[in-house]
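First the structure, in the form of structure tokens, and then the observations on it.
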Amino acid sequence: MGSRDVWWLAAGIALLVLAAAAGFAAIAKERRARRDRGGRAAPASRGLAILAVALALPGWAGVAATVVPAVQLMAGDTIAGSAGPTSPGLVQAGLPTTTTSAKPTAPDPMSLLVPGDCVEVPMDRTTDATGAPTWEPGDPAPADCNSLDANYRVLQTGPQACSGTLYKLETSRHDKSGNLIYHLCLAFDWRVDFCYDTTQMAEPFKVDCATPGRHVVQVTAVLENTTDGAKCPRDGQGAVWVVWNKRELTVCFRGSDDPGE
């Protein structure tokens with residue numbers, strides 16, 4: 001509020017005080033006039049009433065001209081009389097922040113496998129075009145090598161063609177754009193001290209060693225890069241082995257075992 005506004009306010013208040021004084025005087029004279037015998041108001045009281053009104057009008061005008069703008073200014077006032085910019089780190093109260101970043105897609109577990117890991121490959125017996133029995137592999141899945149479900153072991157990963165003599169099966173997957181997700185070269189998982197049902201030697205499977213069966217055998221050694229069964233360890237009944245010449249692989253069993261064909 002400036003000095004000019006203060007002057008107007010003081011002047012308005014002074015006029016209002018004078019108007020009030022004139023009004024009280026007029027009221028007093030009016031009461032005395034009523035007690036006159038004629039009952040007529042004294043001319044002086046009328047003059048005072050007119051004077052009170054004449055003083056009150058400019059007084060209220062002066063006060064209103066000063067007080068109303070001040071009230072409006074206070075209602076919309078901010079520090080230094082102007083609104084400051086919103087801090088960039090502030091968030092409007094009551095409105096939760098949201099993130100629009102997409103959740104990353106989890107990688108295919110098969111793409112995380114490395115040589116030495118194991119998988120479970122369901123095998124369904126079927127026939128080929130000539131009617132000869134064969135096996136149709138299903139979708140592979142990672143498996144614990146020490147579980148009975150693990151029937152294949154990873155030999156090689158990556159886009160390169162499978163190499164070496166041990167691999168028996170390969171599996172791969174691509175995304176919708178044709179990009180390679182995984183390519184695995186697999187060998188059958190022969191494992192020492194595990195038992196296998198070798199009724200179908202083309203595709204044996206792990207079993208509990210307490211499982212009865214003529215062709216249930218227990219592995220005593222797995223010899224790679226050799227076809228010499230004479231290297232197999234022997235027990236009280238000797239040793240039995242099976243050789244895969246193309247794979248250069250010899251698997252040894254207990255002397256009492258009877259592998260299937």
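Since this is a predicted model, take the numbers as computed values, not measurements.
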Determine, using the 4.5 Å side-chain heavy-atom cutoff (strictly less than), whether [X] and [Y] are members of one ILVMFWY cluster.
X	Y	value
Trp190	Leu184	yes
Phe194	Leu186	yes
Leu180	Leu169	no
Trp244	Leu155	yes
Val207	Val242	no

Begin with the C-alpha distance, continue with both residues' side-chain angles, and end with the deciding distance and a verdict on salt bridge (Lys or Arg N to Asp or Glu O under 4.0 Å) for Arg214 and Asp258. CA-CA 7 Å; Arg214 176 184 174 185; Asp258 180 17; 3.0 Å; yes
Can you name the nearest heavy-atom pair linking [X] to [Y], along with the distance?
X	Y	value
Gly178	His174	O-CD2, 3.3 Å
Gln218	Cys209	NE2-SG, 4.1 Å
Pro140	Val121	CB-CG2, 4.0 Å
Thr198	Val217	CG2-CG2, 3.6 Å
Pro133	Arg125	CB-NH2, 3.8 Å
Thr157	Leu113	CG2-O, 3.6 Å

Quick one: does any side-chain atom of [X] pair with a main-chain N or O of [Y] as donor and acceptor, under 3.5 Å?
X	Y	answer
His183	Gly158	yes
Asp235	Gly255	yes
Thr226	Asp228	yes
Thr220	Cys252	yes

Hey, could you give me the [atom1]/[atom2] distance between [X] and [Y], rounded to the nearest 0.5 Å?
X	Y	atom1	atom2	answer
Tyr182	Ser172	OH	OG	7.5 Å
Arg173	Ile181	CZ	CD1	4.0 Å
Asn151	Cys118	CG	SG	9.0 Å

For Arg247 and Glu224, what are the C-alpha separation, side-chain angles and deciding distance, and is it a side-chain contact (heavy atoms from CB on, under 4.5 Å)? CA-CA 8 Å; Arg247 297 193 183 110; Glu224 298 179 358; over 6 Å; no
Got more than 12 heavy atoms from elsewhere within 6.0 Å of CZ, Arg234?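 Counting neighbours around CZ of Arg234, more than 12 heavy atoms of other residues, nucleotides or ligands fall under 6.0 Å, so yes.
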What do you reckon, is CG of Asp139 surrounded by more than 12 foreign heavy atoms closer than 6.0 Å?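 At most 12 heavy atoms, drawn from other residues, nucleotides or ligands, come within 6.0 Å of this atom.
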Within a strict 4.5 Å, meaning less than it, do heavy atoms of the [X] and [Y] side chains meet?
X	Y	value
Pro259	Val240	yes
Tyr152	Glu120	no
Leu249	Leu223	no
Glu261	Met201	no
Phe253	Val251	yes

For [X] and [Y], test the side chains for any donor-to-acceptor distance below 3.5 angstrom and give the result as yes or no.
X	Y	value
Asp197	Thr199	yes
Ser163	Gln156	yes
Thr126	Asp124	no

Centre-to-centre under 6.0 Å for Tyr196 and Phe205, is that the case here?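 For Tyr196 and Phe205, the ring centres are not under 6.0 Å apart.
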Would Val154 and Val114 count as a side-chain contact (heavy atoms from CB on, under 4.5 Å) if you check the C-alpha gap in whole Å, the side-chain angles of each, and the deciding distance to 0.1 Å? CA-CA 7 Å; Val154 178; Val114 297; over 6 Å; no
For Thr130 and Asp128: C-alpha separation, side-chain torsions, deciding distance, then whether side chain to side chain donor-acceptor pair (under 3.5 Å) applies. CA-CA 5 Å; Thr130 65; Asp128 60 18; 2.7 Å; yes
Take Glu203 and Phe188 through the test side-chain contact (heavy atoms from CB on, under 4.5 Å) and record every step on the way to the result. CA-CA 9 Å; Glu203 200 62 49; Phe188 188 82; 4.1 Å; yes
Would you sort out whether Arg191 and Lys206 count as a side-chain contact (heavy atoms from CB on, under 4.5 Å), showing the intermediate values? CA-CA 9 Å; Arg191 197 164 289 268; Lys206 291 177 181 176; 4.2 Å; yes
